[in-house]
Amino acid sequence: MIKIKVVFILTFLCALNLQGQSKTIAEDIFKMHLFLNKKNISRSDLSKTVYKNDSLYAIFKKKCFIKLDTLQLNSKIHLSIDGDFTFYKLSDISYSGSLDNNESWFLKIDFCYDAQYIIAINQNTGRNYRLSGFYVNDFFSFYNDIKKAYRDSNFKELKKKSFFKEYIVEYLDFKCLYIGLRQNKIDKEHFPCLRTCSDTFSMHKFERK
């Protein structure tokens with residue numbers, strides 16, 4: 001009986017450890033995308049020696065703290081192991097220490113009201129996809145991988161209607177993304193899912209500790 005309890009506890013602790021590692025990896029991936037999403041800035045009052053590079057990213061990664069929410073997935077379609085996706089939304093961001101004027105222009109993140117930063121991470125392959133809030137949207141890469149995972153599991157093609165109806169993730173509108181990104185011109189009025197967090201935002205204030 002004692003042995004069974006020990007095995008159960010070890011299994012539980014292992015699961016918690018893996019979950020914690022997964023969240024840490026998600027935070028690192030999210031920080032990378034947030035940093036890459038920032039545009040290079042050219043201002044007369046900024047030092048020419050400060051620009052987006054590995055050194056500036058190291059500062060961002062060290063001083064930026066983010067909070068992620070794991071989004072709820074409601075899926076009725078059966079996928080292969082390569083269809084194991086987890087979805088994360090940025091819910092808060094704060095900074096430790098002080099940033100000089102040059103750094104702050106590159107490291108402030110546009111935290112908005114009517115759009116959300118969301119990424120998906122494939123827990124098996126490690127591939128990740130920007131699905132909301134960023135200048136670039138990786139929906140079709142994500143959709144192609146979903147279709148492949150469905151085909152590998154069911155030996156037939158996934159129909160669009162089935163995907164839109166039976167694969168639901170909170171805060172995401174896959175039908176809107178599919179139609180909106182196929183247009184000749186990005187229309188954020190008719191397809192609000194294409195809005196970035198830089199379109200309408202409130203600049204998050206730095207918290208000095």
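All figures in this text were calculated on a predicted structure; none of them were measured in a lab. Side chains included, hydrogens not; waters and symmetry mates left out as well; all remaining heavy atoms used.
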Side chain to side chain contact (heavy atoms under 4.5 Å, CB included), that's the test. Do Phe87 and Leu131 meet it? Break it down for me. CA-CA 9 Å; Phe87 301 84; Leu131 296 177; 3.9 Å; yes
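Side-chain contact between Val169 and Phe85: absent, with no pair of heavy atoms (C-beta onward) separated by less than 4.5 Å. In this structure, the side chains of His33 and Asn128 come closer than 4.5 Å at one or more pairs of heavy atoms. Under the 4.5 Å side-chain criterion, counting only non-hydrogen atoms from C-beta, Lys76 is not in contact with Ile168. Residues Tyr129 and Phe139 form no side-chain contact, since every pair of their non-hydrogen atoms from C-beta on lies 4.5 Å or further apart. Residues Leu34 and Phe134 meet the side-chain proximity criterion, which asks for heavy atoms closer than 4.5 Å. Within the 4.5 Å cutoff, the side chain of Leu194 has heavy atoms near those of the Leu181 side chain. Residues Met32 and Tyr57 have side chains in contact (heavy-atom distance under 4.5 Å, counting atoms from C-beta outward).
Counting only residues at least two apart or in different chains, side-chain hydrogen bond (donor to acceptor under 3.5 Å, both in side chains) contacts with residues 169-179 are absent. Within the structure, the side-chain hydrogen bond (donor to acceptor under 3.5 Å, both in side chains) test picks out the following pairs touching residues 154-169 (sequence neighbours left out): Arg151-Glu157. Among pairs with a residue in residues 177-193, those fulfilling salt bridge (charged side-chain N to carboxylate O under 4.0 Å, His left out) read Lys188-Asp199, at least two apart in sequence or across chains.
Checking Ser132 against Gln116 by side-chain atom types alone, no donor-acceptor pair falls below 3.5 Å.
Under a 3.5 Å cut-off, the side chain of Asn122 and the backbone N or O of Asp82 do form a donor-acceptor pair.
Ring pair Phe142/Phe174: centre-to-centre distance below 6.0 Å.
By the 6.0 Å and 45° rule, Lys38 does not stack over the aromatic ring of Phe60.
Heavy atoms from other residues, nucleotides or ligands lying under 6.0 Å from CG of Leu73 number more than 12.
Aromatic ring pairs are classed by plane angle as parallel below 30°, tilted from 30° to 60° and perpendicular above 60°; the pair Phe30 and Tyr117 is perpendicular.
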